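Hydrogens, waters and symmetry mates are skipped; everything else that's a heavy atom, side chains included, is used. Each ligand, and each atom within it, is numbered from 1 in the order the structure gives. Because the structure is a prediction, the values reported are computed rather than measured.
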Amino acid sequence: MLELESFKKLLSSPKKIVITTHHKPDADALGSSLGMGNYLKKKNHEVTVITPSDYPSFLYWMKGNDEVLNYEDKDHQEEITEKVAVADMIICLDFSCLKRIHELGELVRDSKAVKVNIDHHLDPEDFADFRYWSTEAAATCELVYDLIVKMGEKDLIDSDIADCLYSGIMTDTGGFRHPNTTKHVHCVTAELIGLGADNAKISRLIYDTNSVNRLKFIGFALSRRLVIHTELNTAYFWISKRDLKKYDSRTGDTEGLVNYALSLDGVKIAAMFTERKDGVKISFRSTEDVAVNQFAAKYFDGGGHKNAAGGKSDLSLKETIEKFEKLIKDNQQRLLNQLELVNEKH
Ligand code: 5GP
Ligand code: MN
């Protein structure tokens, strides 16, 4: 494992650097990737940002977005394979388990490049030569900021980089509302605003850029697709392929929906089941006293943070929901106790 000094030394001469992040990148994933990418470009490195999939259009304003290569785009697969193979360094941001970047994971694993992992998720896989990792951090963007400061290069953070990094911290703290919103988070965001981050513009671009279809979809989901089990402290949404088609759903349109389920009084566990072409994608959210990441890992091949996790299922939408309901019903007390016990450990 490399130390910070060796990492710094590696970056003291121009390198071919690939930056990648998790499937369906959110603002923290893309913001940390482009924030880091723009910073490394200023240090004269040749940087390529690669995503394993597309991402929401409300992130397209970030500097460097136009040059991002999406691995799902068949026209780019050959170029991406080549870039990964010849890279001197590959920086993996906002994930710590190579399966989260799907087929790209094996390309990264096989590459001779120095591998760097900057992340804030639990249980990192042991694939990196240099790791800058902390589950205490609210966002990977916060860690990228801390790392640049540690490298003694805060002066390289311009307003574009500050915008990227601010975005991820804003969204991973749920707009500075979740318990991960620490004093350090506020100090970092204050610094980023001082460095030129336009916080009002960023909130508008990320939170207040809805299409009519998306608003109608949210209305439909709230009235027709929300199931509440008061006695189980649980509420969930189920969204079918047909629903997504009917509302011409775009990547990012379902983001945040699950939080409405959690906002109900008495609900401790919220979920959203979305039927996609490659199976059912599940989002879990919980109140502070319950840890959903262990639940997602144990039953739905997923993981994540204590109060925000995800998973998947190869069963049908109906069967997945039945499995979830059964798990919650059969084990309600044990589950809540168990989750609370797990919670105490972290
Ligand atoms: P979301 O529900 O917004 O898609 O994901 C919430 C959090 O759960 C993400 O920040 C990510 O950490 C985690 N997550 C989502 N899907 C998966 C998954 O399939 N596997 C793992 N390990 N984590 C996931
Ligand atoms: Mn994150």
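Every atom of ligand 1 is numbered from 1 in the order shown, and the set under 4.0 Å from a heavy atom of His305 is 10 (O), 12 (O). Below 4.0 Å from some heavy atom of Ser283 lie the following atoms of ligand 1, by number and element: 1 (P), 2 (O), 4 (O). Against a heavy-atom cut-off of under 4.0 Å, Lys312 is close to the following atoms of ligand 1: 19 (O). For ligand 1, the atoms sitting less than 4.0 Å from at least one non-hydrogen atom of His121 are 10 (O), 11 (C), 12 (O), numbered in the order shown with element in parentheses.
Looking at Lys24 against ligand 1, nothing comes within 4.0 Å, counting heavy atoms. No part of His22 comes within 4.0 Å of ligand 1, judged by heavy-atom distances.
Angle subtended at the Mn ion (ligand 2) by Asp94 OD1 and His120 NE2: 90°, rounded to 10 degrees.
Scanning all protein heavy atoms for the shortest distance to atom 3 (O) of ligand 1 gives Arg285 NH2, 2.9 Å. Lys281 NZ, 3.3 Å is the protein heavy atom nearest to atom 4 (O) of ligand 1. Ranking protein heavy atoms by distance to atom 22 (N) of ligand 1, first place goes to Gly303 N, 3.4 Å.
Atom NE2 of His186 is separated from atom CD1 of Ile193 by 10.0 Å, given to the nearest 0.5 angstrom.
In this structure, Phe324 has its ring center under 6.0 Å from that of Phe273. Here Tyr55 and Tyr60 bring their ring centres to under 6.0 angstrom of each other.
The N, O or S atom of Asp28 with the smallest distance to the Mn ion (ligand 2) is OD2.
Ligand 1 has an N or O atom lying under 3.5 Å from an N or O atom of Gly310, backbone or side chain. In terms of polar-atom proximity, defined here as any N/O pair under 3.5 Å, Asp26 makes no such contact with ligand 1.
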